[in-house]
2 protein chains.
Amino acid sequence: MLFNEKMYELGSKRSVIRDLFEYGKEQSKIVGAENVFDFSIGNPTVEAPEIVNKTIVELTYKKSSMELHGYTSAQGDEETRQAIAMYLNKKYDTNFKSDNFYMTVGAAASLTICFNALTSSKEDEFIAIAPFFPEYKVFVEGAGAKLEVVSADEVNFQINFDELEKKINKNTKGIIINSPNNPSGAVYTKETIQKLSDLLMKKSNEFDTEIFIISDEPYREIVYDGVEVPYVTKYYKNTIVCYSYSKSLSLPGERIGYILVPDEVVESKKIYAAICGAGRSLGFVCAPSMFQKVLVKCVGKTGDIEIYKKNRDLLYQGLMELGYKCYKPQGAFYLFVKILGDDEEEFCKRAKELNLLVVGATGFGCPGWVRISYCVDEYMINRSFGAFKKLKESFE
Amino acid sequence: MLFNEKMYELGSKRSVIRDLFEYGKEQSKIVGAENVFDFSIGNPTVEAPEIVNKTIVELTYKKSSMELHGYTSAQGDEETRQAIAMYLNKKYDTNFKSDNFYMTVGAAASLTICFNALTSSKEDEFIAIAPFFPEYKVFVEGAGAKLEVVSADEVNFQINFDELEKKINKNTKGIIINSPNNPSGAVYTKETIQKLSDLLMKKSNEFDTEIFIISDEPYREIVYDGVEVPYVTKYYKNTIVCYSYSKSLSLPGERIGYILVPDEVVESKKIYAAICGAGRSLGFVCAPSMFQKVLVKCVGKTGDIEIYKKNRDLLYQGLMELGYKCYKPQGAFYLFVKILGDDEEEFCKRAKELNLLVVGATGFGCPGWVRISYCVDEYMINRSFGAFKKLKESFE
């Protein structure tokens with residue numbers, strides 16, 4: 001075969017989200033941008049905190065090319081990793097050291113590196129909890145393992161533990177969790193995390209295996225109403241954290257994040273080494289050097305989360321008043337809405353005819369819902385209610 | 001197994017080069033930095049051209065967060081790809097369009113994405129021409145293919161065609177070439193590229209297969225004395241170019257480069273799609289967005305190459321005068337020197353005792369030589385000659 005067919009398929013099928021986004025741009029030319037309500041994409045709209053740009057300019061003037069743009073070690077700059085460790089230790093009363101961190105080229109890289117480091121057999125399984133980010137499947141299969149899915153708890157969007165317990169077996173390598181969650185906006189409670197920890201301890205003992213939690217948490221700081229996001233490593237020893245600054249610092253295009261392997265993880269030094277090896281094998285030489293240095297000054301900062309909160313409140317209240325059933329998001333910047341009727345495709349099609357671009361949640365493993373991304377302009381939300389009203393009426 | 005053993009091995013064995021570099025730092029504390037001559041690493045020492053930093057500052061002031069730091073499309077920013085196409089078309093009289101380019105997170109990413117896109121069976125083979133960058137083996141094997149090596153032409157450091165012809169078989173997927181070459185500093189002549197093209201056409205016909213050239217060329221602009229680096233796509237249709245701005249713009253830590261798939265490549269649209277898919281599967285979401293935008297203004301610029309040339313001349317002449325046998329590099333920033341005696345390890349050990357840190361070339365597939373990286377301070381070169389003299393005397 002001339003090329004890898006699986007890669008060809010992955011590269012030639014555009015995602016539903018990307019398709020909608022492109023449709024929106026085309027449709028804007030026809031009906032006018034003010035009449036298209038594109039809720040498809042999760043591209044942060046809040047400005048990066050001022051200190052990000054200030055630090056970029058300062059570093060550019062002060063540092064030599066080699067200092068600013070030279071290779072860092074593969075693990076990442078010592079000073080950066082130190083700053084992250086100190087921030088987390090202070091905030092979560094943990095005890096991390098710089099050597100627990102491996103800097104990455106963003107969340108996707110954190111995940112692919114983890115899956116490649118941990119997968120040792122094609123029987124290995126990772127379990128995602130619906131609703132989940134669809135690329136997990138691509139990343140897990142790319143590493144040569146299998147993805148199993150636990151269906152959604154459609155009431156509280158916590159974890160369907162009965163089903164999870166049944167799905168865990170001797171081949172289970174890890175459970176992928178994502179809280180605050182894309183697409184539901186749910187935050188896992190302490191009770192959920194504790195229960196997950198207890199279950200995994202029980203199952204590890206039962207099968208005499210080690211089961212990892214892969215905690216994918218780019219939305220950790222994007223939460224509302226003072227909701228607490230439990231720090232997972234404090235509840236379960238075999239937790240590996242995958243983080244990205246894409247959302248908190250509004251830097252999605254810059255590709256900067258990290259993997260955290262706490263000392264408590266079984267064989268943590270070896271797992272860390274396997275992560276370094278996977279990073280090397282996949283072609284990640286180091287995380288972007290300038291943004292590593294920017295982080296030293298910006299760890300723990302965020303853009304203005306109030307803007308997202310305002311959007312959330314506006315959209316949630318507006319749609320509830322119109323009679324939609326919505327899950328009230330505690331974090332991230334997505335509103336999860338139950339479809340009207342019983343045909344998700346039909347609902348999305350009618351929405352699209354009204355130039356309301358929302359993403360059907362079958363791709364997230366949770367059919368019968370749609371994801372509405374509210375990292376958009378507040379005025380677009382206000383203008384969109386007329387269309388949402390018509391959509392509702394069309395199902396009455 | 002708890003983790004992937006191959007990844008663990010890759011991550012726990014430090015490369016010889018990195019080992020020497022760390023040793024140099026330790027030794028500096030003992031004998032003083034001025035007495036350690038570290039020629040181990042290829043980290044550009046020339047400042048990035050002024051327009052790079054100027055553009056960074058300008059963009060930071062002028063663009064919104066979303067424009068500057070937002071996701072770009074997976075292929076890369078249209079404007080950036082357009083700028084690169086126009087530059088190459090003007091310089092090499094080619095006819096590329098923006099859609100022939102896929103922006104990457106540097107040269108290593110360009111290579112891993114290519115190998116993953118092309119490899120469709122574990123029988124697939126890529127051939128490297130010694131001396132070659134040792135990570136090729138890691139990247140090719142990571143993609144599930146095999147790396148075969150053609151031994152070096154130790155006279156002109158062109159291609160040992162007799163051996164190459166014997167190594168090509170029905171499983172040969174591609175030949176990896178790297179000109180200007182790391183570690184020899186050789187530039188392949190027009191005649192070499194033409195002969196390679198002729199051979200691959202002949203062999204493609206013989207086996208009824210398609211054989212690709214993967215042209216890894218981060219040093220394309222780092223050449224001396226007006227030497228011409230032939231543009232490989234003009235000689236052979238199935239050429240895929242892997243490029244990085246690490247060396248030309250002195251931005252190795254920023255991880256920015258591209259893959260070029262010309263229209264002439266067989267099934268070029270499908271190969272391009274497979275490249276998009278491989279990038280997705282490996283976890284590269286997009287190339288760093290700000291540096292993509294910096295490129296629009298900086299394509300075709302370089303740091304001050306004269307500094308490298310001065311170093312090359314100083315080191316080459318100095319070592320020739322001392323009686324070393326050196327290959328005179330026409331490009332890149334490495335000097336390839338024949339060992340004294342017949343034991344590479346012994347030669348490197350004696351050099352190390354004199355605090356001369358040079359890299360034995362067995363790892364590059366070319367035993368009996370050492371690589372001396374001259375992207376260093378000119379004064380260090382001058383101070384090092386005493387030690388090189390003692391090293392020579394120790395073999396007399």
Side-chain angles (χ1 to χ4, degrees), chain A residues 1-12 43 45 47-48 53 56-57 60 64-66 69-72 105-106 108-109 111-113 116-121 138-139 142 210 250-255 266-267 270-271 273-278 280-286 288-290, chain B residues 1-12 43 45 47-48 53 56-57 60 64-66 69-72 105-106 108-109 111-113 116-121 138-139 142 210 250-255 266-267 270-271 273-278 280-286 288-290:
Chain A
M1 185 64 199
L2 190 61
F3 48 80
N4 185 301
E5 278 190 272
K6 177 141 198 198
M7 296 302 149
Y8 169 70
E9 262 175 53
L10 286 176
S12 52
N43 213 351
T45 40
E47 286 287 304
N53 285 345
I56 291 173
V57 172
T60 304
S64 73
S65 268
M66 269 194 87
H69 305 303
Y71 292 116
T72 71
V105 185
L111 292 166
T112 56
I113 290 171
N116 277 277
L118 293 176
T119 300
S120 58
S121 146
V138 176
F139 298 159
E210 303 283 349
S250 292
L251 298 174
E254 304 300 358
R255 315 311 304 140
V266 57
E267 300 266 30
K270 286 187 176 172
I271 301 280
I275 280 168
C276 294
R280 184 178 163 192
S281 170
L282 297 175
F284 298 102
V285 172
C286 63
S289 51
M290 191 177 77
Chain B
M1 185 62 201
L2 190 63
F3 49 80
N4 186 301
E5 279 190 272
K6 177 142 195 196
M7 295 303 148
Y8 169 70
E9 261 174 54
L10 285 176
S12 51
N43 213 352
T45 40
E47 287 286 305
N53 286 345
I56 291 173
V57 172
T60 304
S64 73
S65 268
M66 271 193 85
H69 305 303
Y71 292 115
T72 71
V105 184
L111 291 166
T112 56
I113 291 171
N116 276 276
L118 294 176
T119 300
S120 59
S121 146
V138 176
F139 299 158
E210 301 284 348
S250 294
L251 299 174
E254 305 300 357
R255 315 310 304 143
V266 57
E267 300 266 31
K270 288 189 176 175
I271 301 279
I275 280 169
C276 294
R280 185 178 163 193
S281 171
L282 297 176
F284 298 102
V285 172
C286 63
S289 51
M290 188 176 79

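In what follows, chains carry the letters A, B, and so on, assigned in the order in which the sequence lines appear, proteins first and then strands, with residues in each chain numbered from 1. Keep in mind that the numbers below use all heavy atoms, side chains included, and drop hydrogens, waters and symmetry copies. Remember, it's a predicted structure, so these values are computed and weren't measured experimentally.
In terms of heavy-atom pairs under 4.5 angstrom with chain B, the leader among A/Gly253, A/Cys276, A/Gly283, A/Pro288 is A/Gly253. Heavy-atom pairs under 4.5 Å with chain A peak, among B/Leu2, B/Thr45, B/Val57, at B/Leu2. Of the listed residues (A/Ala274, A/Gly11, A/Ala108, A/Ala109), the one with the most heavy-atom contacts under 4.5 Å to chain B is A/Ala274.
Nearest heavy atoms, B/Ile271 versus A/Phe3: CD1-CD2, 3.9 Å. Heavy atoms only, all atoms of each residue included: B/Ser281 and A/Phe139 are closest at O-CD2, 4.0 Å. Contact between A/Arg280 and B/Val138 at its shortest, heavy atoms only, is NH2-CG2, 3.7 Å. In terms of heavy-atom proximity, A/Phe284 sits nearest to B/Leu282 at CZ-O, 3.5 Å. The minimum heavy-atom distance between A/Met7 and B/Asn116, with the atom names listed, is CG-O, 3.5 Å. Between A/Gly70 and B/Pro252, the closest heavy-atom pair is CA-CG, 3.8 Å.
Put simply, the side chain of B/Arg255 does not reach to within 4.5 Å of the side chain of A/Arg255, judged on heavy atoms. When side chains are defined from C-beta on, B/Asn53 counts as touching A/Thr60, because their heavy atoms get closer than 4.5 Å.
For A/Lys270, the salt bridge (charged side-chain N to carboxylate O under 4.0 Å, His left out) criterion is met by no residue, not counting sequence neighbours. Taking the side-chain contact (heavy atoms from CB on, under 4.5 Å) definition, one finds that A/Thr72 meets it with A/Asp77, A/Cys286, A/Ser289, A/Gln292, A/Lys293, sequence neighbours left out.
No donor-acceptor distance shorter than 3.5 angstrom exists from the side chain of A/Asn4 to the backbone of B/Ala117, with no hydrogens or angles considered. With B/Ser65 contributing its side chain and A/Ala48 its backbone, the two residues share a donor-acceptor pair below 3.5 Å. Judged by distance alone, with hydrogens and angles left aside, the side-chain atoms of A/Glu254 form a donor-acceptor pair with the main-chain N or O of B/Met290 at under 3.5 Å.
Between atom OG1 of residue A/Thr119 and atom CE of residue B/Met1 there is a gap of 12.5 Å, rounded to the nearest 0.5 Å.
Heavy atoms closer than 4.5 Å to chain A are found in both the backbone and the side chain of B/Leu251. Heavy atoms closer than 4.5 Å to chain B are found in both the backbone and the side chain of A/Ser12.
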Could you go step by step and tell me if B/His69 and A/Ser250 meet the side chain to side chain contact (heavy atoms under 4.5 Å, CB included) rule? CA-CA 7 Å; B/His69 305 303; A/Ser250 292; over 6 Å; no
- Task: Evaluate the side chain to side chain contact (heavy atoms under 4.5 Å, CB included) criterion for residues B/Glu47 and A/Ser64: first the C-alpha distance (whole Å), next the side-chain angles of each, then the deciding distance (0.1 Å), finally the verdict.
- Result: CA-CA 7 Å; B/Glu47 287 286 305; A/Ser64 73; 3.5 Å; yes
